[in-house]
Trainee: 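Sharing a structure here in structure tokens format.
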Amino acid sequence: MNAVILAAQDPTLADFGKDPWWLVLGKIVFAFAFGLLATLLGVWFERRVVGRMAVRPGPNQVGPFGLLQTLADGLKMAFKEDILPRAADKVVFFFAPTISVISAVTALSVIPFGPKVSIFGHWTPLQVTDVSVAVLVILACSSMGVYGIVLGGWASGSTYPLLGGLRSSAQMISYEVAMGLSIVAVFMTAGTMSTSGIVAAQGDATQLSIGGFDLPAPGWYAILLLPSFIIFFIATVGETNRAPFDLPEAESELVAGFMTEYSSLKFALFMLSEYVAMVTMSAVTTTLFLGGWRAPWPITLWSGANEGWWPMLWFFGKVILLVFVFVWLRGTLPRLRYDQFMRFGWKVLLPINLVWILVLAGLRSIEDWQTNDRLLATGIGAGVLLLATLFWPSKKKQPKPSPQEQADSRPYGSFPLPPMDLQVPPSPRTKRVVAEREPANVVAGSDSREV
């Protein structure tokens, strides 16, 4: 019986769709509450951590350790005046913030929080639902969040929000491509798009054959697929508009980008959606690359580490760690310029991702070969890649003309230039030097007097 229970710890697709309605409703409420509570604590956590990095206390007055400061800020924002621009599209202006929040929260429905447990006599997975293409559901929810931002900027009826919405949509679409390609490597390795299946695939240690010896390697895809993990996390930072990629808010323009015309609770919903997305993407990263709810080493030495309710603790710990990295980046790195940010996404992350997927596909195709043949094929591929990197034709920069050549090539009638030798000529308005004159000898008469 114990063997059956231990074998049933990993959920499968066949375990879903059998729960009573009250249990499904409880899971939905739990996922929703997790998203909101994690967001409230995430705001407090960010302000405390950034305050610590900046050698200042952070919120510490309202509640113990300032824990109620976020709640107080939310209540204060709710009582602020709600302003509706005259030129705004009232319906779209109202629903745009809710689209962003709902899209971020919905992605939590396919995140596994733990293994199968017994809840009031029902043996059920700690997950709302799972489908064979659950990761595509996450990508779809992430893409839908763009609509809330674009519609919010467009419906404001103002120029700056419209430009901020368009800039944000270009940013999210660019990094959505890199994020999707990073997950391709996970599909290829796990052989499934189900989130519970991906967590189960990371549970077993990978056996590496080196020199005829089988060596156990970690099963986490953050280690096995390190390039995909790094690119995916960078893409999530850009996708959630977090520093150093928080460009949609347009702080350099002294406005809030697509949120310029929003106030009161609508503004709070947009801010809430950003933090919900940060927590959701941390949970997604944990599921895809950090083993999900499975305990890290050396906790795995305990036989009961992945049984019962303990895995929820490991899952929440990993999520908090990733949220800390989000906050750490904000307190450390300066904001990028927009053209640098877009060039980094299209010209750096995308080519590296494509090359990595090609290499991984090649390694997967030779898994069944003999050891010597695998080593030979890997060595040839590495040599070809090295030679291609060394001898890749680079565009030679044209020699820059000298300042005098640039001045000589100017068209006729251009504005005058200062002299190249930096000798400033005398100004034509300067008083000219005149030769000294002899003073006139005037004989003073009897009637002469000083004037």
Side-chain angles (χ1 to χ4, degrees), residues 1-42 71 74 95 98-142 144-145 192-200 203 265 269 272-273 275-277 279-284 286-288 291-295 304-320:
M1 181 64 182
N2 292 333
V4 175
I5 293 177
L6 292 177
Q9 289 292 319
D10 286 318
T12 61
L13 291 177
D15 297 321
F16 295 91
K18 301 178 181 179
D19 297 329
W21 66 270
W22 56 268
L23 189 54
V24 175
L25 182 61
K27 290 182 180 180
I28 295 174
V29 172
F30 172 78
F32 183 75
F34 167 74
L36 293 186
L37 290 178
T39 299
L40 293 176
L41 294 177
L71 182 61
F95 281 106
T98 60
I99 293 175
S100 297
V101 176
I102 292 174
S103 300
V105 175
T106 305
L108 292 173
S109 61
V110 292
I111 298 297
F113 292 90
K116 296 180 65 175
V117 296
S118 178
I119 301 179
F120 298 111
H122 292 272
W123 194 254
T124 180
L126 286 176
Q127 185 175 353
V128 177
T129 186
D130 194 10
V131 291
S132 57
V133 288
V135 181
L136 297 184
V137 174
I138 296 175
L139 289 177
C141 294
S142 177
M144 285 296 295
T192 179
M193 294 186 187
S194 165
T195 50
S196 58
I198 292 174
V199 173
L265 281 179
L269 284 177
L272 180 69
S273 66
Y275 283 92
V276 172
V279 173
T280 301
M281 295 313 297
S282 298
V284 172
T286 299
T287 301
L288 298 181
W293 46 263
R294 293 188 173 276
N306 293 323
E307 301 174 13
W309 296 88
W310 286 105
M312 290 188 65
L313 180 62
W314 322 137
F315 178 82
F316 292 151
K318 296 174 186 178
V319 172
I320 293 174

Trainee: Do any pairs count as a salt bridge (Lys or Arg N to Asp or Glu O under 4.0 Å) and have a residue in residues 22-42, sequence neighbours left out, and if so which ones?
Mentor: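 Checked against salt bridge (Lys or Arg N to Asp or Glu O under 4.0 Å) - neighbours excluded - the pairs reaching residues 22-42 are Asp19-Lys27.
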
Trainee: When rounded to the nearest 0.5 angstrom, what distance separates OG in Ser273 from CD1 in Ile102?
Mentor: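 Those atoms lie 11.0 Å apart.
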
Trainee: If you take all heavy atoms of Ala134 and Ser194, which pair is closest and at what distance?
Mentor: CB-CA, 4.3 Å

Trainee: How many angstroms lie between atom CZ of Phe316 and atom OG1 of Thr286, to the nearest 0.5 angstrom?
Mentor: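 Between atom CZ of Phe316 and atom OG1 of Thr286 there are 11.0 Å.
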
Trainee: Aromatic rings Trp22 and His122: how do their planes relate, parallel, tilted or perpendicular, breaks at 30° and 60°?
Mentor: perpendicular

Trainee: Measuring from atom CG of Leu139 to atom CE of Met144, what distance do you get when rounded to the nearest 0.5 angstrom?
Mentor: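 So the gap between those two atoms works out to 13.5 Å.
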
Trainee: Can you check whether Trp293 reaches Asn306 side chain to side chain, under 4.5 Å on heavy atoms?
Mentor: yes

Trainee: Which atom pair, heavy atoms only, marks the closest approach of Thr192 to Ile198?
Mentor: O-CG1, 3.8 Å

Trainee: Is there a donor-acceptor contact under 3.5 Å from the side chain of Trp314 to the main chain of Ala305?
Mentor: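 Answer holds: yes.
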
Trainee: Counting C-beta onward and ignoring hydrogens, is there a side-chain heavy-atom pair between Val284 and Ile111 closer than 4.5 Å?
Mentor: yes

Trainee: Are any non-hydrogen side-chain atoms of Thr195 and Ile138 less than 4.5 angstrom apart?
Mentor: yes

Trainee: So do Val110 and Val128 actually touch side chain to side chain, heavy atoms under 4.5 Å?
Mentor: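 Contact flag for Val128/Val110 side chains = no.
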
Trainee: When you compare the side chain of Pro125 with that of Asp130, does any pair of heavy atoms fall below 4.5 Å?
Mentor: no

Trainee: What heavy-atom pair brings Gly292 and Val199 nearest, and what distance separates the two atoms?
Mentor: CA-CG2, 4.0 Å

Trainee: NZ/Lys18 to CG/Leu23 distance, rounded to the nearest 0.5 angstrom?
Mentor: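 Going from NZ on Lys18 over to CG on Leu23, the span is 14.0 Å.
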
Trainee: Just wondering, are more than 12 heavy atoms of other shown residues or ligands nearer than 6.0 Å to CZ in Phe16?
Mentor: yes

Trainee: Nearest 0.5 Å, please: how far is CD1 in Ile28 from OG1 in Thr129?
Mentor: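 The OG1 atom of Thr129 sits 9.0 Å away from the CD1 atom of Ile28.
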
Trainee: Report the residues that fulfil side-chain contact (heavy atoms from CB on, under 4.5 Å) with Thr12, sequence neighbours left out, ordered by chain and then residue number.
Mentor: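 Thr12 satisfies side-chain contact (heavy atoms from CB on, under 4.5 Å) with Ala14, Asp15 only.
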
Trainee: Please state whether the rings of Phe113 and Phe30 are parallel, tilted or perpendicular, taking 30° and 60° as the class boundaries.
Mentor: perpendicular

Trainee: Counting N and O atoms only, with roles assigned by atom type, does the side chain of Ser103 sit under 3.5 Å from a partner on the main chain of Ser100, one being a donor and the other an acceptor?
Mentor: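 No, the answer is negative, given that no donor and acceptor are paired below the 3.5 Å cut-off.
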
Trainee: Provide the closest heavy-atom pair for Gly35 versus Val276 in the form atom of the first, atom of the second, distance.
Mentor: O-CG2, 4.2 Å

Trainee: Are any side-chain N or O atoms of Thr280 and backbone N or O atoms of Ala104, one a donor and one an acceptor, separated by less than 3.5 Å?
Mentor: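 Such a contact is found between Thr280 side chain and Ala104 backbone.
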
Trainee: Nearest heavy-atom pair of Ala200 and Arg294: which atoms, and what distance?
Mentor: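 Nearest heavy atoms, Ala200 then Arg294: CA-NH2, 4.2 Å.
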
Trainee: Between Ile119 and Leu126, which heavy-atom pair has the shortest distance, and what is it?
Mentor: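 Distance-wise, the nearest heavy atoms are CD1-CD2, 4.3 Å.
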
Trainee: Compare all side-chain heavy atoms of Thr287 with those of Pro112 and state whether any distance is below 4.5 angstrom.
Mentor: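 Touching, per the 4.5 Å side-chain cut-off.
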
